[in-house]
Amino acid sequence: QVQLVESGGGLVQAGGSLKLSCVASRTIQSIYGMGWYRQVPGNQRELVARITSYDSRNYADSVKGRFTISGDNAKNTVYLQMNNLKPEDTAVYFCNIETMEYPYRYWGQGTQVTVSS
């Protein structure tokens, strides 16, 4: 079974930067999208950034201009560079890979990002 392993989370002061990484434990075929989501306790999981196999990117309005997503389909790896972090960015961040084959979507276990004011 494929696992997505995230790293790079932690505690940072407001204005600081972190880079999240996510790599699959084995090759995933037919990837068409990779993304990062985040969740705060009591809230729904929300999309932060997504990149498609055609290199199309979209971002949540709250992170535009501060976060950058990049990915490597061949290496089954996706990154999220987060700059100028704000306390409201505090959440558990989950990576996600979408494929055209069953089970169609994989999730990481989540990594905590905490931004202090």
**Prompt:** Hey, any chance Val2 and Met34 share a hydrophobic cluster, counting ILVMFWY side chains that come within less than 4.5 Å of each other, even indirectly?
**Reply:** yes
**Complete:** All heavy atoms of Cys22 vs all of Leu4, minimum pair found to be SG-CB, 3.8 Å
**Asked** Sub-3.5 Å donor-acceptor pair from the side chain of Thr90 to the main-chain atoms of Val115, do we have one?
**Response** yes
**Prompt:** Honestly curious: do Tyr79 and Ile97 fall in one hydrophobic cluster under the side-chain, below-4.5 Å linking rule?
**Reply:** no
**Request:** Show your reasoning for whether side chain to side chain contact (heavy atoms under 4.5 Å, CB included) applies to Leu20 and Thr111.
**Result:** CA-CA 8 Å; Leu20 305 183; Thr111 185; 4.0 Å; yes
**Request:** State yes or no: are the ring centers of Trp107 and Tyr37 separated by less than 6.0 Å?
**Result:** yes
**Message:** Same cluster or not: Tyr59 versus Tyr93, using hydrophobic residues (I, L, V, M, F, W, Y) connected whenever any side-chain heavy atoms lie under 4.5 Å apart?
**Reply:** yes
**Request:** For residues Asn73 and Ser53, report the shortest heavy-atom separation together with the two atoms involved.
**Result:** ND2-CB, 3.5 Å
**Prompt:** Is Glu6 reaching over with its side chain to a backbone N or O of Cys95, donor-acceptor style, under 3.5 angstrom?
**Reply:** yes
**Request:** For the pair Trp36 and Asn96, evaluate side chain to side chain contact (heavy atoms under 4.5 Å, CB included) and give the outcome as yes or no after the intermediate values.
**Result:** CA-CA 6 Å; Trp36 289 92; Asn96 170 261; over 6 Å; no
**Request:** Please check if the side chain of Asn76 supplies one atom and the backbone of Ile28 the other of a donor-acceptor pair under 3.5 Å.
**Result:** yes
**Item:** Considering all heavy atoms, the nearest Ser117-Ala14 contact
**Value:** CA-CB, 4.4 Å
**Complete:** When rounded to the nearest 0.5 Å, the distance separating CZ of Arg57 from OG of Ser70 is 7.0 Å
**Side-chain touch Leu80/Thr68, heavy atoms, less than 4.5 angstrom** = no
**Request:** Assess whether atom CD of Glu101 is packed by more than 12 heavy atoms of other residues, nucleotides or ligands within 6.0 Å.
**Result:** yes
**Prompt:** Between Ser62 (side chain) and Ala60 (backbone), is there a donor-acceptor pair under 3.5 Å?
**Reply:** no
**Item:** Connected via hydrophobic side-chain network under 4.5 Å: Val113 and Val48
**Value:** yes
**Asked** Pairs in or reaching into residues 14-23: which pass side-chain hydrogen bond (donor to acceptor under 3.5 Å, both in side chains), with residues at least two apart or in two chains?
**Response** Ser17-Asn83
**Request:** Could you grab the distance from atom OG1 of Thr52 to atom OH of Tyr32, nearest 0.5 Å is fine?
**Result:** 10.5 Å
**Prompt:** Side chains of Arg50 and Glu98: closer than 4.5 Å at any heavy-atom pair?
**Reply:** yes
**Message:** Using a strict threshold of under 4.0 Å (side-chain N to carboxylate O), is an ion pair present between Lys64 and Asp61?
**Reply:** yes
**Request:** Please answer whether the main-chain N or O of Thr99 pairs with a side-chain N or O of Tyr106 as donor and acceptor at a distance below 3.5 Å.
**Result:** no
**Request:** Go through the steps to decide whether Thr27 and Gln29 satisfy the test side chain to side chain donor-acceptor pair (under 3.5 Å), and finish with yes or no.
**Result:** CA-CA 6 Å; Thr27 300; Gln29 301 293 336; 5.4 Å; no
**Message:** Between Leu47 and Asn58, is there a side-chain heavy-atom distance shorter than 4.5 Å?
**Reply:** yes
**Request:** May I ask you to check if Arg38 and Phe94 form a cation-pi contact, with NZ or CZ under 6.0 angstrom from the six-membered ring centre and within 45° of the axis?
**Result:** no
**Item:** Expected output: side-chain Arg66 to main-chain Asn84 donor-acceptor under 3.5 Å
**Value:** yes
**Request:** Mark yes when over 12 heavy atoms from residues, nucleotides or ligands other than Gln3 sit less than 6.0 Å from its CD; otherwise mark no.
**Result:** no
**Fill in**
Exactly one candidate in Leu18, Asp89, Val12 meets side chain to side chain contact (heavy atoms under 4.5 Å, CB included) with Met82; the answer is Leu18
**Prompt:** If only atom types and distance count, is the side chain of Asn43 paired as donor or acceptor with the main-chain N or O of Val40 below 3.5 Å?
**Reply:** no
